[in-house]
Amino acid sequence: ATTRSDVVRLFGEAGSKVNCAYPGVSSAFLPLPAEAVSNFRSEDQVPDCFVLYVGTLQPRKNVETLVRAFVELRRARPDLHLVLAGARGLWYEALFTLIQSLDLAQVVHLPGYVPEAELPLWYNAAAVFAYPSSYEGFGLPVAEALACGRPVVTTTVSSLPEAGGDAALLVPPGDAAALADGLARE
């Protein structure tokens, strides 16, 4: 519905001419057996306890806010890691510089683009899924993580409340303290 509203507002189309069709989530996204997740952890050297983000590493995704929230989380949970899974997008160098400047290189993992076939394993292995984006057409990773039974923290803007429904915890975009608090609660 948010994208529908954007089309009507930006292109001046009559609301009656614009329909909304929500994307579905593949049946591969579901809670997996503990043994499959354990094997994935050991084969791919995945941390035992981590926050997961899946998406392109670019500014509108607010990944830098997630990194700053992660610093707060680690004060209470020094065993926690952060996995930022996604292709390098525009201005990703600033993100890598931030990770280095905060001395997080040993606990922030950057596996790069993850093929769709592997995503259910990543979601199932995560303690919590974070999606701090400031704008999305839908936010499919939110729906995928929820389908895998993971707790999700995302933002209050654009289509993300639709993607998360009543199951996701919503925080304001760009608010590292609120994001850290939300992730700690999940």
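The figures here come from the full heavy-atom set of this structure, side chains too, leaving out hydrogens, waters and symmetry mates. Computed from a predicted model, the values in this text were never measured in an experiment.
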Could you tell me which residues satisfy side-chain contact (heavy atoms from CB on, under 4.5 Å) with [X], sequence neighbours excluded, listed by chain and number?
{"X": "Thr65", "result": "Asn62, Ala176, Leu179"}
{"X": "Leu102", "result": "Val67, Val71, Leu98, Leu104"}
{"X": "Arg77", "result": "Cys49, Asp79, Leu80"}
{"X": "Glu72", "result": "Arg75, Ala180"}

Please set out all donor-acceptor pairs under 3.5 angstrom arising from side-chain atoms of residues 164-174, sequence neighbours excluded.
none

Going by ring pair (Phe, Tyr, Trp, His ring centres under 6.0 Å), name the residues that satisfy it together with Phe96, two or more places apart in sequence or in a different chain.
Tyr92
Could you tell me which residues satisfy ring pair (Phe, Tyr, Trp, His ring centres under 6.0 Å) with Phe129, sequence neighbours excluded, listed by chain and number?
Tyr123, Tyr131
Connected to Trp91, directly or through other members, by ILVMFWY side-chain contacts below 4.5 Å are Leu90
Enumerate the salt bridge (Lys or Arg N to Asp or Glu O under 4.0 Å) contacts for residues 25-37, please, sequence neighbours excluded, ordered by first and then second residue.
none
Just grab all the salt bridge (Lys or Arg N to Asp or Glu O under 4.0 Å) pairs involving residues 48-61, residues at least two apart or on different chains.
Arg60-Glu136, Lys61-Glu136
Taking ring-ring contact (aromatic ring centres under 6.0 Å, His included) as the cut-off, I'd like each qualifying pair that reaches into residues 164-186, sequence neighbours left out, listed once.
none
Tell me the ring-ring contact (aromatic ring centres under 6.0 Å, His included) pairs involving residues 30-49, sequence neighbours left out?
Phe40-Trp122
